[in-house]
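Working notes, beginning with the structure itself.
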Amino acid sequence: MANVQHDLIVIGAGPGGYIAAIRAAQLGLNAACIDENPELGGTCLRVGCIPSKALLESSQRYHAAKHDLAAHGVQTGEVSFDLSAMMKRKEKIVGSLTRGVASLFKKYGVTRYTGRGRLDGPGTVRVEGPDAVTLNAKHIVLAAGSVPAPLPGVEVDGDRIGGSTEALSWPEVPGRLVVIGAGSIGMELGCVWARLGARVTVLEYLDRILPGMDGEISREAQKIFKKQGIEFQLGTKVTGARANGAQCTVDIAGAEPIVCHRVLLCVGRRANTQGLGLESVRIELDKTGRIPVDEKWATSAAGVYAIGDLVRGPMLAHKAEEEGAACVERIVTGYGHVNYDAIPGVVYTHPEAASVGKTEEELAGAGVPYKIGKAIYFSNGRAKALGDTEGFVKILTHKDTDRILGVHILGAQAGDLIAEAAAAINFGASAEDLAHTSHAHPSLAEIVKEAALA
C-alpha cells in the first residue's frame, strides 16, 4: 500500500498533541494525529488531571456535608457516600471530554490514527496497531507525554501497589494507604482517600512536601493537611514495597516497615520516549532523559519537533498546550512564543495551593533583590462568608522596579486566583499596577489586591 501523505503529523493526542493538530488544521495544514488509545486526550484527560479533579470534588463535598454544613445551619443527619456512584460520575465526565476532542478533530478535519506512532527515518512515521499504515510529512511533532517513574524495590502489581491510574479506580476505600511521594499527585489523591476514611501516611524522601512550590506555602500546607488527619514521614527513604494478599509491606531505611492495605507510588514522571524511533533520525536524549529542542521546539532532526513532557520545563498539561499551539504557529507563520515565567502550577487539595513565577528560594539563590507583600484569607469578608479562612497570598516583586516576579497562594480557589497573577507577570505588571486595579467586593480576589498593596 502506498504511503499516506500529510503536511504535519502529531504523535500523541494528549493536551499538547491534540492542540497542535487542531491548530495546524485551523491554519490550513493537512494534519494527522496518532495515539495508541481509543479515547483521545492523553494521560491528563483519561487517567490524570480530569478524573482526579472529579474525585477531589466529590470527596470534598462529602467531607463538607459531614463536617462543615452544620456551621451554616444546614442539618443533614447521617451522611454517607456511594463510591461506585462517585466513580461513575468521574467516568461520565471523562467520556464527555474525550468525545469532545474527537468532535473537534472531525470539525477541523484532523485525520486520526489509532496505534503507536514511531519515527522511521526522515519525514516518515509508521503506525503500529489497529490503523497500521506508513505516513509521510514535512513536519512531525512529537507529543507522547510522560509515564510514571519507577522506584527501585517497589513491586508495582497494578492492584495493591500502583500509581495514580490505579488509585483513580479502587473499588473500596483502603483501611490504611501509604503514599510514596509528597508531590502534587500524591497529595491530591492522598486527600481524596483520606476524606473518604482511609488512614493516609505520606512518605517523602525530601524534608518537605510539594517540592517546587514556595517553601512557605509548603510548610503551611503541611500543617493544614496534618490537621486534616494525614500523617507525614519526611526525609524518608523507601527501599521496597511488596504485596501479600490483601496487605502490603513498605520497607524504609533505618525504620520499621509499614503494613498497609494499598500503596500509591507517586515519585514523579519521566518522558515517554521509548519506542518513538528517535534513533532512526539520530535524536539523542539529554541527561534528564528528555528531547533537546531549540526556541522553536525543533529537535536536531530536520522537520521533527517535540513539545510537552518530552522537553524541558514543568510537566503540566497547560504548558504542553501552549507549546503545541506556539510550535505549529512557528511552523506556519514564523512566530510562536511561550512565556515560561508565566506558567502557573496548582495543587487541587483543600485548600488549594497555586504558584506562578519565581519562588522566594529561587530569588534568594540567584541574588535577586526582592520585596514581599502578603495578605491573609482570615481578614477577607468573602472568605469568612465561605467559611474558608485558612491561607494567604504572597507576592514577590523586584526590590528596585516593583515588577512582579512570583505569586504564591494557599487557600480557597487559589487555582482560579492565580490566573490574574499569571496575566500580571505575562504583561510585566508591577505590584502597584495590581494594587491600583479595582477588584470586586466582596471577593477572594481582594486578597491578591491586598497583597499587592502590602
Side-chain angles (χ1 to χ4, degrees), residues 47-67 79-91 94 148-151 153-205 209-210 222 224-234 236 238-252 255-268 347-350:
V47 290
C49 318
I50 301 303
S52 63
K53 303 312 168 283
L55 289 183
L56 279 160
E57 185 66 27
S58 295
S59 63
Q60 177 57 27
R61 293 201 179 197
Y62 162 70
H63 185 273
K66 190 172 183 179
H67 300 284
V79 177
S80 62
F81 67 88
D82 182 340
L83 184 59
S84 64
M86 289 185 180
M87 294 296 175
K88 288 178 182 177
R89 175 180 180 271
K90 174 202 69 175
E91 294 302 328
V94 170
L151 187 66
V154 176
E155 302 172 10
V156 175
D157 65 359
D159 179 20
R160 290 288 162 182
I161 303 177
S164 56
T165 299
E166 290 79 17
L168 289 167
S169 299
W170 286 334
E172 75 285 323
V173 178
R176 185 171 189 187
L177 168 64
V178 169
V179 179
I180 305 174
S184 58
I185 298 173
M187 290 311 308
E188 287 180 356
L189 292 177
C191 284
V192 166
W193 294 106
R195 292 168 188 166
L196 298 180
R199 177 186 171 188
V200 176
T201 301
V202 178
L203 309 179
E204 171 57 50
Y205 182 72
I209 71 169
L210 303 179
Q222 183 183 344
I224 294 173
F225 298 149
K226 189 174 180 179
K227 287 192 296 182
Q228 293 175 358
I230 295 179
E231 303 168 6
F232 292 94
Q233 294 185 27
L234 305 182
T236 299
V238 174
T239 59
R242 58 198 177 278
N244 182 18
Q247 290 189 327
C248 307
T249 301
V250 180
D251 297 320
I252 302 171
E256 290 295 314
I258 298 176
V259 177
C260 58
H261 298 94
R262 290 192 185 273
V263 176
L264 169 57
L265 179 63
C266 294
V267 292
V347 183
Y348 293 89
T349 49
H350 189 87

May I ask you to test the [X]-[Y] pair for a side-chain heavy-atom distance under 4.5 Å?
X	Y	answer
Arg176	Thr201	yes
Val202	Phe225	no
Leu168	Leu189	yes
Leu196	Trp170	no
Pro148	Leu265	no
Asn244	Thr249	no
Pro150	Val156	no
Gln228	Arg195	no

- When you measure from the side chain of Arg262 to the backbone N and O of Asp159, does any donor-acceptor pair fall under 3.5 Å? yes
- Message: Tell me if a side-chain donor or acceptor on Arg160 pairs with a main-chain N or O of Val263 at a distance below 3.5 Å.
- Response: no
- Task: Look at Arg242 together with Asp157 and state whether they make a salt bridge at an N to O cut-off of under 4.0 Å.
- Result: no
- Below 4.0 angstrom, N of the basic side chain to O of the carboxylate: do Glu57 and Lys53 qualify? no
- When Leu203 is tested against each of Val179, Leu234, Val238 for side chain to side chain contact (heavy atoms under 4.5 Å, CB included), which residue passes? Val238
What closest approach, in Å, do [X] and [Y] show between heavy atoms, and which atom pair accounts for it?
X	Y	value
Val200	Gly190	CG2-O, 3.6 Å
Ala243	Ile161	N-CD1, 3.5 Å
Pro174	Ala198	O-CB, 3.1 Å
Leu55	Met86	CD2-O, 4.1 Å
Glu188	Ser52	OE1-OG, 4.1 Å
Phe232	Lys226	CE1-N, 4.1 Å

- On the 0 to 90° scale, with breaks at 30° and 60°, tag the Tyr62-Phe81 ring pair as parallel, tilted or perpendicular. perpendicular
- Message: Would you say Ser58 and Lys90 are linked by a side-chain donor-acceptor pair, where the criterion is simply a distance under 3.5 Å?
- Response: no
- Message: As a quick check of understanding, evaluate side chain to side chain contact (heavy atoms under 4.5 Å, CB included) for Met187 and Leu210, giving each step before the final call.
- Response: CA-CA 8 Å; Met187 290 311 308; Leu210 303 179; 3.9 Å; yes
